[in-house]
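Working notes, beginning with the structure itself.
Proteins come first, then strands; the chains are lettered A, B, ... in the order of their sequence lines, and each starts at number 1.
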Number of protein chains: 2
Amino acid sequence: MSTPGSRRRRPTIYDVARLAGVSTATVSRALNDTGQVAEPKRVAIDAAVEQLGYRPNTIARSLVTRATQTIALLLPDITNPFYAELVAGIQALTLERDYTMLLCTTGFDPELEERYLRLLRAKHVDGALVDGLVLPPERIARFVEDGFPIVCLDRDVSSPAVPLVQVDNRLGAGMATEHLLSLGHRRIAHIAGAPARISEERLLGYQAALESAGVTPDSALVALGAFTETGGHDAMCALLESAPDLTAVFAANDLSAIGAINAIVASGRSVPGDVSIVGFDDLRLSRFTSPPLTTVRQPADEIARHSTELLLGMIAGRKPRKIHHLFVPELILRDSTRTPR
Amino acid sequence: MSTPGSRRRRPTIYDVARLAGVSTATVSRALNDTGQVAEPKRVAIDAAVEQLGYRPNTIARSLVTRATQTIALLLPDITNPFYAELVAGIQALTLERDYTMLLCTTGFDPELEERYLRLLRAKHVDGALVDGLVLPPERIARFVEDGFPIVCLDRDVSSPAVPLVQVDNRLGAGMATEHLLSLGHRRIAHIAGAPARISEERLLGYQAALESAGVTPDSALVALGAFTETGGHDAMCALLESAPDLTAVFAANDLSAIGAINAIVASGRSVPGDVSIVGFDDLRLSRFTSPPLTTVRQPADEIARHSTELLLGMIAGRKPRKIHHLFVPELILRDSTRTPR
DNA sequence: GCGCTTACTGTAAGCGCTTACCTATGGCGC
DNA sequence: GCGCCATAGGTAAGCGCTTACAGTAAGCGC
């Protein structure tokens, strides 16, 4: 079947055509099921393909069809399990649809974002799903004008051609904060995320909830956690210094909540005994932490499916009907919150 | 500069050549820095490129050069933070080298693995890094014979053309188990991973350590955890049933250790008071769990860099000198282990 | 002034596909 | 038996690059 070790030329459509005694056009039509081809020829072609071990060269195909059956995913940090869950969801759908996925992690770096976006154009990727975007909307617009399908997962780029699908961050942050308020907490700290739109939204939701409960926001109660365990840990240490009377904290994501819990415990306090904590994301993991984490769930899988579906639709030429898709977050009560002492 | 909204044809190398008053060959040479180009022409070409906003079409380029500047990464589950860390390391290097990365998650499914491998060939990806492989070696061999560079991250496929770079799993498992033994534990359970080579290796290391300490392995002390939190949790519940006298457990990875801790605590026992637990991986997260996890560290970053470097070298035509690269694991002592009561 | 380099540059042939366009064939209604 | 249409399949022109090959001009030693 194959001479092991021989690095012979891979068979092309010409080889198949010759062996099957037809033209390349017919082979192409048979293989792609476009146009009609008589049964006997089809059989001959299949046999030739089989015998030669022929696989169409998708590069050549892409050159003429201008489609690569590939989408790209830009996100800040694959190491964050929430993004990983998103990727898993996206991958599941791309697999179904015979698309392939290029992964680009940008670390909230606008230079890198633009570099990747340009690269993706050059590679003629069919479209992109972008998350953690920090590039100014007008620079994104340049790509969109060019006819490059993009769907955003976290920020409105105020272009009618770029749909946004995400969870309602402000609402979620409000739910978390209200939960703590309703338990009786008043000194509620916030561990903010990395400087990006979603962090602002969550901060805003937190502040709004405090205000509407008559609690004046105190800047000593806010620290930066950067969405990581380490960041959350360090932020918590700082908060414990700057506001030792805090009784609760709303962390911008589960990872920083986990870091914060570690810091709280290390300081000799207990969760939720001395301080209650609520996260954001509802990682698969968060059900298993000690204590299991009360958190705001965002439906990673639905976001993944919906956005990918939308992007694939745009690639196929469909205009998105709805430009904003806000998923409703859900408060998941577990054991990291309770009434203050 | 650009007429917004007009979906005009993207400029090609011909447009640049015409505008700069040179041939396409010269443009190509100037842009790729191959062959000599007189300074004035170079300037004219740069100006034309700038004016037209020209970006070379990499598809067309790939068709002739037979290189795509893309590598693929096959792994079982991106949702596992260890793999995510690996991806981050690989991505960092590919970025440096102007390569791009296709991500394929296979979920330990051999069908999917083969499907992806075939797809990668068709897409003319330059090479692949594969992890969590369950496909029989001979099927992998087919791709390798074809001259497709592959480096494995977890299993020897016994082909001289396929390097393996991984941590010494058996050694690591031995270290974990010996640690537990040295603390005085005798009833040591094991939560095994998903059915794959690394799980076997870790099981073997565990058993060997027990035996050389004169403890006879007991099948009631082994349960399947599938490398996930849920799996670890369920396995632990089963173990608590089948061997309630256990005092320690070695989990095949950190994620299942976290699940196990949750189960132990839920059963009214404490970690490490009633049962000690050691994981494997040393996720970034594991330092922050409650209690912080004693674990066997595998150097994700080094594995990532080394394997990628190797693959890129193979793509450039270099033969790997060493075919096996075993990293030495390191036992990280934290707070989830102590002497039995 | 001649032959030989050396430095540039252009011409054109592909890379492996898809597809517009055209031709041939056979069935069918009359 | 003829015109017409549907069906099948071939021809060849690209898609946008790279690069082998050839050619020109300038520089140089003698």
Side-chain angles (χ1 to χ4, degrees), chain A residues 7-46 48-49 52-70 119 121-126 146-147, chain B residues 7-46 48-49 52-70 119 121-126 146-147:
Chain A
R7 194 138 321 156
R8 77 237 170 282
R9 194 173 58 79
R10 308 203 78 208
T12 71
I13 199 170
Y14 286 98
D15 301 315
V16 176
R18 195 174 316 120
L19 186 58
V22 300
S23 74
T24 60
T26 304
V27 175
S28 175
R29 284 191 279 254
L31 262 29
N32 299 321
D33 248 324
T34 138
Q36 337 248 25
V37 7
E39 199 50 29
K41 305 227 170 193
R42 194 179 286 273
V43 171
I45 289 169
D46 286 350
V49 164
L52 296 170
Y54 170 73
R55 298 279 145 200
N57 179 335
T58 62
I59 305 275
R61 186 203 310 250
S62 292
L63 187 57
V64 14
T65 60
R66 290 145 192 295
T68 49
Q69 295 283 109
T70 300
L119 183 65
R121 290 300 279 141
K123 288 209 174 247
H124 283 247
V125 155
D126 294 340
D146 243 26
Chain B
R7 196 139 317 160
R8 75 232 168 285
R9 196 174 56 80
R10 307 202 79 207
T12 73
I13 199 169
Y14 286 98
D15 301 315
V16 176
R18 195 175 316 118
L19 186 58
V22 299
S23 75
T24 61
T26 303
V27 175
S28 176
R29 283 190 280 254
L31 262 29
N32 298 322
D33 249 324
T34 139
Q36 334 245 25
V37 174
E39 197 50 29
K41 305 225 169 193
R42 193 179 286 273
V43 170
I45 289 168
D46 287 350
V49 164
L52 297 170
Y54 170 74
R55 299 278 145 200
N57 179 334
T58 62
I59 304 275
R61 187 201 310 250
S62 292
L63 186 58
V64 16
T65 62
R66 290 145 189 298
T68 48
Q69 296 281 112
T70 300
L119 184 65
R121 291 300 281 139
K123 287 209 174 247
H124 282 246
V125 156
D126 294 339
D146 241 28

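Across B:Tyr54 and B:Val16, no two heavy atoms sit closer than the pair CG-CG2, 3.5 Å. The two residues A:Pro56 and B:Ala122 make their nearest non-hydrogen contact at O-CB, 3.8 Å.
By the side chain to side chain donor-acceptor pair (under 3.5 Å) test, A:Arg42 pairs with no residue at all, sequence neighbours left out. For A:Thr68, the side chain to side chain donor-acceptor pair (under 3.5 Å) criterion is met by A:Asp126, not counting sequence neighbours. Residues that satisfy the salt bridge (Lys or Arg N to Asp or Glu O under 4.0 Å) test with A:Arg18, not counting sequence neighbours, are A:Asp15. Under the salt bridge (Lys or Arg N to Asp or Glu O under 4.0 Å) criterion, B:Arg55 pairs with no residue at all, not counting sequence neighbours. Partners of B:Thr58 according to the side chain to side chain donor-acceptor pair (under 3.5 Å) rule, which considers only residues two or more places apart in sequence or in another chain, do not exist here. Contacts of B:Arg29 classified as side chain to side chain donor-acceptor pair (under 3.5 Å), with partners at least two apart in sequence or in another chain: none.
Taking CD1 of A:Ile13 as the start and CD1 of A:Ile45 as the end, the distance is 8.5 Å to the nearest 0.5 Å. Here the CD atom belonging to B:Gln69 is positioned 9.5 Å from the CG atom belonging to A:Leu119, to the nearest 0.5 angstrom.
Counting only Watson-Crick and G-U wobble pairs whose two distances sit under 3.5 Å, DNA chain D takes part in these stems of three or more pairs: C:1-30 with D:1-30.
No side-chain donor-acceptor contact under 3.5 Å links A:Thr70 and A:Lys123.
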Can you give the donor-acceptor pairs under 3.5 Å from side chains of residues 20-28 of chain A to other protein atoms, not counting sequence neighbours?
from	atom 1	to	atom 2	distance (Å)
A:Ser23	OG	A:Ala25	N	3.4
A:Ser23	OG	A:Thr26	N	3.4
A:Ser23	OG	A:Thr26	OG1	3.3
A:Ser28	OG	A:Asn32	ND2	3.4

Can you tabulate the close N/O pairs, meaning under 3.5 Å, that link protein atoms to atoms of nucleotides 15-17 of chain C?
from	atom 1	to	atom 2	distance (Å)
C:dC15	O3'	B:Arg66	NH2	2.7
C:dG16	OP1	B:Arg66	NH2	2.7
C:dG16	N2	A:Ala60	O	3.4
C:dC17	OP1	A:Tyr54	OH	2.9
C:dC17	OP1	A:Asn57	N	3.2
C:dC17	OP2	A:Ile13	N	2.6
C:dC17	O5'	A:Tyr54	OH	3.2
C:dC17	N4	A:Tyr14	OH	3.0

For nucleotides 22-26 of chain C, give me every protein contact, N/O to N/O, under 3.5 Å, one pair per line with atom names.
none

Got a list of protein N/O to nucleotides 6-9 of chain C N/O distances below 3.5 Å?
from	atom 1	to	atom 2	distance (Å)
C:dC8	OP2	B:Gln36	OE1	3.4
C:dT9	OP2	B:Ala38	N	2.8

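Whole-Å rounding puts the A:Leu31 CG to C:dT19 C1' distance at 15 Å. Spacing between atom CZ of A:Arg42 and atom P of D:dT7 amounts to 14 Å, rounded to whole angstrom units.
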Just do the side chain to side chain contact (heavy atoms under 4.5 Å, CB included) check on B:Arg10 and A:Arg66 with the steps written out, would you? CA-CA 12 Å; B:Arg10 307 202 79 207; A:Arg66 290 145 192 295; over 6 Å; no
